[in-house]
Protein chains: 2
Amino acid sequence: MTADSTGRPGGGPARRRGAALEEAILRAAVDELLESGYAGLTMDKVATRAGTNKNAIYRRWPNRLALGVAAYRHLATTITPPDTGSLRGDALELLRQANRYWGSPLGAILRDLLAAAGGAPEFLARLREQSGDAAAAPWLTILGRAVARGEAAPEALHPRVATVAMALLRDEFVVRGVPAAPDEVIVEIVDEVYLPLVRGRAPS
Amino acid sequence: MTADSTGRPGGGPARRRGAALEEAILRAAVDELLESGYAGLTMDKVATRAGTNKNAIYRRWPNRLALGVAAYRHLATTITPPDTGSLRGDALELLRQANRYWGSPLGAILRDLLAAAGGAPEFLARLREQSGDAAAAPWLTILGRAVARGEAAPEALHPRVATVAMALLRDEFVVRGVPAAPDEVIVEIVDEVYLPLVRGRAPS
DNA sequence: CGTTTAAGGTACTCGCCGTACCCTAAATCG
DNA sequence: CGATTTAGGGTACGGCGAGTACCTTAAACG
């Protein structure tokens, strides 16, 4: 029974400081996010879980949202562009990945954070580094390969065009809500919009 | 000094009931939304402003969000499809309208409500009646005219395709935040994505 | 006129953010 | 190695807002 319920190793350093403490807080915040989402991320719970108190948190982050954003950034998933051999396959795969993500608890957390940021550019920018900008690169990658194969027009190699499918799916989430979009929606986005657009031909 | 600070006409009916009271509450909620946004919509303030108390509110709406959604529905703006003579002009006009709306306080309110709903389909559905579904019709209208003029392929007359531009702009708001999108973004959406898509030709 | 229904008035619990103090351990420096 | 500075720990508190409980009182209805 040497547990000290502080989250730090039993009998370890009696008092952590600086980076060690900061990491402990962030880990606690991450755990709390995963367990209860952003709504359940309370400063008191994070403090308790990290075996410290709110002082230490407020000395590092100005408020709950900042802590939430910082914690979320530790959950970043790097997306590796698929390579199925066809643009259609790659696009479907990327969309399905995104769909799984946004439909998962992590997606809910991201949405709550976006909401809490309420348009504050500084927070949104930090969130975009994970979800938005990072997500654009794979689309350019698969499109680049498709252009090389002659499956897409070179003019489509443009961030706005390349990421259209992702934007549409994200919009679907915002407007229709939390459950993951049915696969038909994904197929429709790819076949009715994305492929015709990048190919430069009429929708089927 | 006959004002009774209840929001009801001086010396009028000493106690409102039913529909009269309900309307008074909704009006108060609407005013509060316009004045302070959804964040500032507190049950106490609405009750005070309506000259009643929280009981009367909770007897009608289960919680703050439900009241907020109900109040928002009173702010509906009906969109009349423009008719500039060209699809490009119509699309730009519709997008600029939407952009103005989402950049206005009303748009912020809508975003906050969407956020607070957090994916609950029932609330989202009620919000969509105003913002989403209602907004789809004008796009089909202008596209229908464009098809008749030969400016667009008939296959584009499909809800998902017709509303692509709106979805992209809405996504822009979600991802980039509160300030209205610059006009270049709108032009880009129309010229690089929307027109090429519905025309069935390659992006310029 | 009496009964039922709903509004008004309060007061309260609870949760949670953010802050203020004061005490104490760890780092740092002469 | 001891003194000083720095930062963490403990705790209590103010403030606000959601939602609830309960009782009183006016309006509607027969």
Side-chain angles (χ1 to χ4, degrees), chain A residues 4-9 11-29 32-33 35-71 112-113 116-118, chain B residues 4-9 11-29 32-33 35-71 112-113 116-118 120 123:
Chain A
D4 57 4
S5 77
T6 61
R8 56 190 190 247
R15 190 178 281 189
R16 295 154 302 180
R17 291 171 81 92
L21 181 56
E22 183 151 341
E23 276 171 37
I25 294 172
L26 270 178
R27 259 204 315 277
E32 208 61 53
L33 269 187
E35 215 174 282
S36 326
Y38 179 66
L41 183 84
T42 76
M43 302 305 253
D44 284 295
K45 281 200 292 180
V46 171
T48 303
R49 185 164 214 152
T52 180
N53 61 6
K54 290 194 286 182
N55 280 337
I57 304 180
Y58 278 104
R59 213 171 277 130
R60 292 172 168 78
W61 294 276
N63 52 48
R64 187 170 84 102
L65 175 58
L67 174 61
V69 172
D112 286 350
L113 287 173
Chain B
D4 57 4
S5 78
T6 62
R8 55 191 192 248
R15 188 179 282 190
R16 297 155 299 179
R17 291 172 81 91
L21 181 55
E22 183 151 340
E23 275 172 37
I25 294 173
L26 269 179
R27 260 205 315 278
E32 209 61 52
L33 268 188
E35 216 173 282
S36 324
Y38 179 65
L41 183 83
T42 75
M43 302 306 254
D44 283 296
K45 281 199 293 182
V46 171
T48 303
R49 185 164 213 151
T52 180
N53 61 5
K54 289 194 286 181
N55 280 337
I57 304 180
Y58 278 105
R59 213 170 280 129
R60 293 174 168 79
W61 294 276
N63 50 48
R64 188 168 84 101
L65 175 58
L67 174 62
V69 171
D112 285 351
L113 288 173
F123 289 114

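Order of the sequence lines sets the chain letters (A, B, ...), proteins ahead of strands, with each chain counted from 1. This structure is a prediction, so every number in the text was calculated from the model and none was measured.
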Taking only residues two or more places apart in sequence or in another chain, which ones pass salt bridge (charged side-chain N to carboxylate O under 4.0 Å, His left out) with B:E35?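 By the salt bridge (charged side-chain N to carboxylate O under 4.0 Å, His left out) rule, B:E35 matches B:R49.
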
Got a sec, which residues hit side-chain contact (heavy atoms from CB on, under 4.5 Å) with B:A116, two or more places apart in sequence or on another chain?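 Per chain and number, B:A116 pairs via side-chain contact (heavy atoms from CB on, under 4.5 Å) with B:Y38, B:L65.
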
Who pairs with A:A66 by side-chain contact (heavy atoms from CB on, under 4.5 Å), at least two apart in sequence or on another chain?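 Counting only residues at least two positions away or on another chain, A:A66 forms a side-chain contact (heavy atoms from CB on, under 4.5 Å) with A:W61, A:P62, A:N63, A:F123.
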
Does A:L41 reach a base, just sugar-phosphate, or nothing at all? Heavy atoms under 4.0 Å. sugar-phosphate

hbond_proxy B:N53 side chain to C:dG9 base (donor-acceptor, 3.5 Å cutoff): yes

Take the protein atom CE of B:M43 and the nucleotide atom C1' of D:dC16, then report the distance between them rounded to whole Å.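 In whole Å, D:dC16 C1' lies 15 Å from B:M43 CE.
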
Could you tell me how far apart A:D44 (CG) and D:dG10 (C1') are, to the nearest whole angstrom?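 Rounded to whole Å, this separation is 13 Å.
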
Taking only residues two or more places apart in sequence, or in another chain, which ones meet B:R59 in a side chain to side chain donor-acceptor pair (under 3.5 Å)?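 Here no residue qualifies.
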
Name every residue in residues 54-66 of chain B that has at least one heavy atom under 4.0 Å from any atom of DNA chain D, in order of residue number, or write none if there are no such residues. B:K54, B:N55, B:Y58, B:N63, B:R64

If you compare all heavy atoms of B:A29 against all heavy atoms of B:A71, which two are closest, and at what distance to 0.1 Å?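 Reported closest heavy-atom pair: CB-CB, 3.8 Å.
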
Taking only distance into account, with no hydrogens and no angle test, what donor-acceptor pairs under 3.5 Å do side-chain atoms of residues 39-47 of chain A form with protein atoms, sequence neighbours excluded?
unit_1: A:T42; atom_1: OG1; unit_2: A:K45; atom_2: N; d: 3.1
unit_1: A:K45; atom_1: NZ; unit_2: A:E32; atom_2: OE2; d: 3.4
unit_1: A:K45; atom_1: NZ; unit_2: A:G40; atom_2: O; d: 3.0

